[in-house]
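For reference, the structure discussed in these notes is given below.
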Number of protein chains: 2
Amino acid sequence: MYMKNPVELFKVLSNETRLDMLKWLKHPMEHFDQPAELLSKSLNERGGICVGDITEKAGLSQSTVSHYLTMMQKVGLVESERHGKWTYYRRNEERIQEVAAFIEKEL
Amino acid sequence: MYMKNPVELFKVLSNETRLDMLKWLKHPMEHFDQPAELLSKSLNERGGICVGDITEKAGLSQSTVSHYLTMMQKVGLVESERHGKWTYYRRNEERIQEVAAFIEKEL
DNA sequence: TTTACATATCGAGATTTATCGATTAGTATA
DNA sequence: TATACTAATCGATAAATCTCGATATGTAAA
C-alpha cells in the first residue's frame, strides 16, 4: 500500500470547496451541462473540465481555484492535461481508491 | 452511507500527531508496553489507553493531547470511557471503516 | 508580431489551527 | 473534608491556511 504523505492528502481534503470539486468532477455531465456548441470547450475527450468552468461553478476567484486544483494534483487526487489555452482537470480514480484502501487497512 | 461532516473529519486527520495516535491505539500492546504492575493503570478491559500515557508518548503538553483526543472523539474516530480518575480512549473501528467506505463510494 | 485569452504564480491581509501554561472540574484517598 | 491526582477547559501567541487582486506565462488568432 503506497501512501507517501497522508497528512498532506487529508489537508487537501479538509476544505468544502475542494470536496465539492471532486464531486463535480465525478459526474461532469450533471454539473457542467453546457449548450452543445460549448461542449468542446468544456469537455475534452476524457472528461476533463477546464479551470474556467470550475471557477464559475465554485464562485471563488480564478487564482484560488487554480491553486486548489494544483494542490489536488500534487497529492494525486486529480490529473490535468493541457489542450491549447485550456487546462482540463479530471479525477484520478485509482488514487482515490488507494486512499480508501489506506484508511480501511492502515489507518 | 452516513457521513455528516467530511470536512471536519478530514481536518482532524490532517495532523501527524493525531494520525500517530490512531496508529498507537490500533496496536496498544506494541506501543504502550508497560511493566506488568502498571498494566491495570494503562489498559482498561477493552484496550483503551489513558490520556497520561498518550501524552507521554506524543511528547506534547497534556492540554494539547486532551484537546486532540476530544477532537477525534467529536468526529467519531475514537471513543472514551472514564474509570475513576482516568479516561481511557480507544479507536472506533466501525467509524473508521465507514470513513473508508465513504471515500471508496462517495468521494 | 501584436493582441487576446486561459491559466499559473506572487504577495498580502484575514481567518483558522497548533500549542502552550494556567486554571478548573472530577474522582479517590488520607 | 482536605489533599492529591488525572483530565478537561480557558486564554493567548505563533504558525499555517484561505482567499483575493495583480501580475506573469503560455497559447492561439488577428
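Side chains are part of it too, since the values below use all heavy atoms of this structure and drop only hydrogens, waters and symmetry mates. Throughout, protein chains are lettered first and strands after them, A, B, ... in sequence-line order, and every chain is numbered starting at 1.
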(message) Check B/Glu79 with B/Arg95, please: is the shortest side-chain N to carboxylate O separation under 4.0 Å?
(response)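 Judged by the 4.0 Å cut-off on N to carboxylate O distance, B/Arg95 and B/Glu79 do not form a salt bridge.
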
Let me know the distance between [atom1] of [X] and [atom2] of [N], rounded to the nearest Å.
X       : N      : atom1 : atom2 : result
A/Lys74 : C/dA8  : NZ    : P     : 11 Å
B/Lys11 : C/dT17 : NZ    : C1'   : 9 Å
B/Met72 : C/dT17 : CE    : P     : 17 Å
A/His67 : D/dT19 : NE2   : P     : 11 Å
A/Asp53 : C/dC5  : CG    : C1'   : 14 Å
B/Glu81 : D/dT6  : CD    : P     : 19 Å
B/Leu69 : D/dA7  : CG    : P     : 10 Å
A/Glu56 : C/dT7  : CD    : C1'   : 16 Å

(message) Can you work out whether A/Asn15 or B/Thr70 has the more 5'-proximal nearest nucleotide on DNA chain D?
(response)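 Checking each residue's closest nucleotide, the 5'-ward one belongs to B/Thr70.
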
(request) Record whether the side chain of A/Ser63 comes under 3.5 Å of the base of D/dG21 through a donor-acceptor pair of N or O atoms. (result)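 Such a pair exists between side chain and base.
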
(message) Quick check: any donor-acceptor pair below 3.5 Å linking the side-chain of A/Gln62 to the base of C/dA6?
(response)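 Checked by distance alone, the answer is no.
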
(message) Is any side-chain heavy atom of A/Tyr68 closer than 4.5 Å to one of A/Ile54?
(response)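 They are not in contact (no side-chain heavy atoms under 4.5 Å apart), so the answer is no.
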
(message) Within the structure provided, determine whether A/Lys11 and A/Val75 are in side-chain contact (heavy-atom separation under 4.5 Å).
(response)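 No, their side chains stay 4.5 Å or more apart.
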
Every protein N/O within reach of nucleotides 24-30 of chain C N/O, cut-off under 3.5 Å:
none

(request) Measure across A/Glu98 and A/Met3 and return the closest heavy-atom pair with its distance rounded to 0.1 Å. (result)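 So the minimum-distance heavy-atom pair works out to O-CE, 4.0 Å.
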
Counting only side-chain nitrogens and oxygens, does [X] get under 4.0 Å of the OP1 or OP2 atom of [N]?
X       : N      : value
B/Tyr68 : D/dA7  : no
A/Thr64 : D/dC18 : no
B/Ser61 : C/dT19 : no
B/Ser66 : D/dA8  : yes

(request) Would you please classify the geometry between the B/Phe32 ring and the B/Trp24 ring as parallel, tilted or perpendicular, with 30° and 60° separating the classes? (result)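 The arrangement is perpendicular - the two ring planes meet at more than 60°.
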
(request) Please report the C-alpha distance between B/Leu13 and A/Leu107 in whole Å, then the side-chain angles of each, then the deciding distance to 0.1 Å, and finally whether the side-chain contact (heavy atoms from CB on, under 4.5 Å) criterion is met. (result) CA-CA 10 Å; B/Leu13 288 174; A/Leu107 189 65; 4.1 Å; yes

(message) Counting only heavy atoms from other residues, nucleotides and ligands, does the tally under 6.0 Å from CD of A/Glu93 exceed 12?
(response)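 Yes - once you tally the heavy atoms of other residues, nucleotides and ligands closer than 6.0 Å, there are more than 12.
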
